[in-house]
Amino acid sequence: MYHDGAIMRLLRERIEEELTNILGKKYGIRVDFFLEESKDESFGDYTTNLPFKLAKELKKDPSEIGEEIASDLREFTALENISIKKGFLNFRVSLRSLNEILGEILASPEDFGKSNLGKGTKVNLEFVSANPTGPLVIVNARAAAVGDSLKKIMNFCGFFVESEFYVNDAGTQIEKLRRSVEARIMELQGLKSDFPEDGYQGEYVYDIAKKIIEDNFNGDPGQFAVDYIHQWQKSTLERYRVKFDNFVFESWIRKSEYPEKTKKTLESHGLLYKEENGALLFKSTVFGDDKDRVLIRSNGEPTYFFFDLAYHLYKMDRKYNVLVDIWGPDHHGYIPRMKAGLEALGFDTENFKVLVAQQVNLIRDHEKVKMSKRKGEIYSMDDLIEEVGSDAARFFFLTRTVNSHLDFDLALAKTIGVQNPVYYIQYSHARIASLLDFAKEKGYSPEGGKGSLLTEPEERSLMRKIMLFPDTLQSVSRTLEPHLLARYLLELAELYHSYYQKVRIVTEDKERSNARLLLSFGVKSVVKNGLNLLGVQAPERM
RNA sequence: GCCCCCGUAGCUCAGAAGGAUAGAGCGGCGGUUUCCUAAACCGCAGGCCAGAGGUUCGAAUCCUCUCGGGGGCACCA
């Protein structure tokens, strides 16, 4: 993914390096500090807390240290307006540097935002991983939006990410599905059937049964049902524009060498023991879990956890540097045991991250949509795509931190207008597309634009915001929180709409118009790249 | 009972490696269009960051406790 030509080193990275150099030369020490977007644009573009950090080490006044650093930093021509306020070192990026960024975008719009933060780190990103026993549901849609977007963003930042869906196509739930289908087949054929107590009630079980009868299928109805549902889930994801790199089947894991390998490894570390009733347990408490976990039940049946652990060993075997799992809200109690397992198998759990995609409440008419899984009354991911569309659905999931509960207002997601952030952002893109067409007819174009003519304060704010796009993507990669990008785009669109209203872009002054078109083109490119990274389309016309 | 997440404007949520006057959207109220897309813009109102202690130059942010909401505590997955 990394091409030297296409990826400029970020300005922020260059400033960081400059600060580190000064630190070494002047004080001969290293300290951790941050360099971040200034809280308030009036302070500058970037801020560092370096003086505070040094003050502690050197037992000196932060302002004094700030001055010392500032005097060296003034040599660095990309910066200007270096100032110290209350111990913070602030500076602005020179207009010239901002202009250069617009030039970069013009040269290669689709590459803007790329960086090499990941340095090729190999990441396995597992998400959705639903049982093939029914339709995908809302929380799957949330995980899919987050996972797919993270993958795209991290790849943009120089990671090598593979997305993976673990299919639990074996075990007791599948057995239950098989019995449910069999019962429905009997029922449809007018035979006496006894539907399992806790069977799958959904209408789709009838569909599967019908299909089996129609096709004269003689094999295992359980396997037929699994294949059917797996294809169904895949087509749902496709409509949502999510495509997985890998599907790993539990049935395959069961037959592979990994269960045995897992057992042997744990055994060799003395981490297994048998209870009197014959159950085999893993001493996960050694690694901080609440209790030891059963790998093989007293009846000889292995647990889900055992195969899941074996599956994670398979991931380790494929030499990923980092493993990221996105789980549903009902799995968070599962984290300590998986962590313990990975540690026991020799994986550095610093590089194992679990995101819990929290519960989603659907809101219709200011009330929660009630669902009953037992009665088969569920609002599925298909229903959501049908009702609000993939763009709005994906964007809404990405405006919140992964970790917090989310109220999804169906009416708002369908609204066309300011109220709905998706359309608001898309509109900025369409607006600029149309503007560029209009300008073209007059013989104007961004190619002829000189950034130096962008002297309005709003123009500087926009350039500054554009500059912060790659930084935002890096933040997402670091924190695994794609909502940072959604919010960034909202702010960018807001700045542009406001600018557009205030300042006429295409005027009789061709030079100035071209400069403004250059800036507009920059905004358009960032919006487009940003939306694409969120899996949302950027329309040319609305 | 134990564990996890959460409690910030009327509503939905940002802000959490401690830092500069606490932000946004929606909703509410009031304005803007002979002019490049009004699917837009501008203005106003709205807060004891659940509460109480503590840590220090400084706390929405860290620690302890209390209250309130959600979820998890299987030889289910």
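Here is how names work: the chains are called A, B, and so on, in the same order as the sequence lines, proteins then strands, and each is numbered from 1.
Taking 4.0 Å as the cut-off between side-chain N and carboxylate O, A:E164 and A:K315 do not count as a salt-bridged pair. Between A:D509 and A:R516 there is no salt bridge, since none of the side-chain N atoms of the basic residue sits less than 4.0 Å from a carboxylate O of the acidic one. The residues A:E16 and A:R12 are annotated as salt-bridged, a charged nitrogen and a carboxylate oxygen being separated by less than 4.0 angstrom. A salt bridge is absent between A:E458 and A:K465: the closest approach of a Lys/Arg side-chain nitrogen to an acidic carboxylate oxygen does not fall below 4.0 angstrom. Ion pairing of A:E197 with A:R179 is absent here, as no side-chain N (NZ or NE/NH1/NH2) approaches a carboxylate O to less than 4.0 Å. Residues A:R254 and A:E250 are paired through a salt bridge, judged by an N-O separation under 4.0 Å between the basic side chain and the carboxylate.
Checking B:rC76, B:rG71, B:rC36 against every side-chain atom of A:R297, the shortest atom distance belongs to B:rC76. Residue A:T303 has its side chain nearest to B:rC75 when only B:rC75, B:rC5, B:rA40 are considered. In the set B:rA39, B:rA14, B:rC5, the nucleotide with an atom closest to the side chain of A:M542 is B:rA39. Closest approach to the A:Y500 side chain among B:rC41, B:rC36, B:rC5 is made by B:rC36 (side chain taken as heavy atoms from C-beta onward). With B:rA77, B:rC75, B:rC36 as the choices, the nucleotide that has an atom nearest any side-chain atom of A:N131 turns out to be B:rA77. Of the listed nucleotides (B:rA77, B:rC75, B:rA24), B:rA24 has the atom at the smallest distance from the side chain of A:E494. For A:K291, counting side-chain heavy atoms from C-beta on, the closest listed nucleotide (B:rC75, B:rC13, B:rA77) is B:rC75.
Contact between the side-chain N/O atoms of A:K39 and the OP1/OP2 oxygens of B:rA20 is found at a separation under 4.0 Å. In this model, the phosphate group of B:rA17 is not approached by any side-chain N or O of A:R478 to a distance below 4.0 Å at OP1 or OP2. At B:rA38, one or more side-chain N or O atoms of A:R431 fall inside 4.0 Å of OP1 or OP2 (strictly under the cut-off). Dashed line: the shortest gap from a side-chain N or O of A:H331 to OP1 or OP2 of B:rG71 is not under 4.0 Å. OP1 or OP2 of B:rG72 has not a single side-chain nitrogen or oxygen of A:R337 nearer than 4.0 Å. At the phosphate of B:rC41, OP1 or OP2 sits under 4.0 Å from a side-chain N or O atom of A:Y424. Contact annotation: A:T172 side-chain N/O to B:rC76 OP1/OP2 distance is not under 4.0 Å. The side chain of A:K339 contributes no N or O atom lying less than 4.0 Å from OP1 or OP2 of B:rC4. At B:rA14, one or more side-chain N or O atoms of A:S404 fall inside 4.0 Å of OP1 or OP2 (strictly under the cut-off). The shortest distance between the side-chain N/O atoms of A:S498 and the OP1/OP2 oxygens of B:rC42 is below 4.0 Å. The side chain of A:T401 places an N or O atom within less than 4.0 Å of a non-bridging phosphate oxygen (OP1 or OP2) of B:rA14.
B:rA39 and B:rC3 have their C1' atoms separated by 47 Å, with the value rounded to a whole Å. Atom name C1', nucleotides B:rC49 and B:rA14: the rounded distance is 13 Å, in whole Å. Between the P atoms of B:rC35 and B:rG31, the separation comes to 23 Å (whole Å). Comparing the P positions of B:rG43 and B:rA24 gives a spacing of 11 Å, expressed to the nearest Å. Taking the C1' atom of each, B:rC76 and B:rC65 are spaced 36 Å apart, rounded to whole Å. Between the C1' atoms of B:rA9 and B:rC44, the separation comes to 15 Å (whole Å). For the C1' atom pair drawn from B:rG15 and B:rA20, the interatomic distance equals 15 Å after rounding to whole Å. B:rC4 and B:rC41: their P atoms are spaced 43 Å apart (whole Å).
No N or O donor and acceptor, one from the side chain of A:D437 and one from the base of B:rC36, sit under 3.5 Å apart. Side-chain N/O atoms of A:N90 and base N/O atoms of B:rA20 include a donor-acceptor pair closer than 3.5 Å.
Ring centroid separation for the pair A:F43 and A:F88 does not come in under the 6.0 Å cut-off. Checked against a 6.0 Å centroid threshold, the rings of A:F469 and A:Y488 count as neighbours. For A:F244 and A:F127, the ring centers sit closer than 6.0 Å to each other.
Of the nucleotides present, B:rG72 is the one that pairs with B:rC2 by Watson-Crick or G-U wobble criteria, both distances under 3.5 Å. When both distances must be under 3.5 Å, the Watson-Crick or G-U wobble mate of B:rA38 does not exist. Pairing partner, B:rU33: none, since no Watson-Crick or wobble contact has both distances short of 3.5 Å. Of all nucleotides present, none satisfies the Watson-Crick or G-U wobble test against B:rA22 with each distance under 3.5 Å. Pair assignment for B:rA9: none, as no Watson-Crick or G-U wobble contacts are both less than 3.5 Å. Base pairing analysis places B:rG53 opposite B:rC63; the two distances defining the Watson-Crick or G-U wobble pair are each below 3.5 Å. Nucleotide B:rG58 has no partner under the Watson-Crick or G-U criteria, as no pair reaches both atom distances under 3.5 Å. Remark: B:rG28 base-pairs with B:rC44; criterion is Watson-Crick or G-U wobble with both hydrogen-bond distances under 3.5 Å.
Contacts of A:T47 with the nucleic acid, taken as non-hydrogen atoms under 4.0 Å apart, include base atoms. In this structure, A:E540 reaches the bases: a heavy-atom distance under 4.0 Å links it to at least one base atom across the strands shown. Nucleic acid contact class of A:K502 (heavy atoms, under 4.0 Å, all strands): none. Contacts of A:R504 with the nucleic acid, taken as non-hydrogen atoms under 4.0 Å apart, include base atoms. Within 4.0 Å (heavy atoms only), A:A430 reaches at least one base atom of the nucleic acid. Within 4.0 Å (heavy atoms only), A:Q426 reaches no atom of the nucleic acid at all. Residue contacts for A:H332: at a heavy-atom cut-off of 4.0 Å it reaches a base atom on one of the strands shown. A:N361 comes within 4.0 angstrom of nothing in the nucleic acid, heavy atoms only. Counting non-hydrogen atoms under 4.0 angstrom, A:E275 reaches a base of the nucleic acid. Counting any heavy atom pair closer than 4.0 Å across all strands shown, A:V503 reaches a base atom. Heavy atoms of A:P329 sit under 4.0 angstrom from primed sugar atoms or phosphate atoms, though from no base atom. Within the 4.0 angstrom heavy-atom criterion, no nucleotide atom of any strand lies near A:Y423.
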Nucleotide N/O of nucleotides 26-34 of chain B paired with protein N/O under 3.5 Å:
from   : atom 1 : to     : atom 2 : distance (Å)
B:rG27 : OP1    : A:Q419 : NE2    : 3.1

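With hydrogens and angles ignored, the 3.5 Å screen pairs a side-chain donor or acceptor of A:D169 with a backbone N or O of A:S251. Side-chain N or O atoms of A:S513 include one that pairs as donor or acceptor with a backbone N or O of A:T507 at under 3.5 Å.
Distance, A:F395 CZ to B:rG25 C1': 10 Å, rounded to whole Å. Computed from coordinates, the A:R487 CZ to B:rC13 P distance equals 11 Å when rounded to whole Å.
By the stacking rule of 5.5 Å between ring centres and under 30° between planes, A:F88 stacks on the base of B:rA20. Under the stacking definition used here (centres under 5.5 Å, planes under 30°), the residue A:F43 qualifies as stacked on the base of B:rA20.
Note that the CZ atom of A:F52 and the CG atom of A:L50 stand 11.0 Å from one another [nearest 0.5 Å].
Annotation: cation-pi pair A:K176/A:Y200 present, NZ/CZ under 6.0 Å from the ring centroid and within 45° of its normal.
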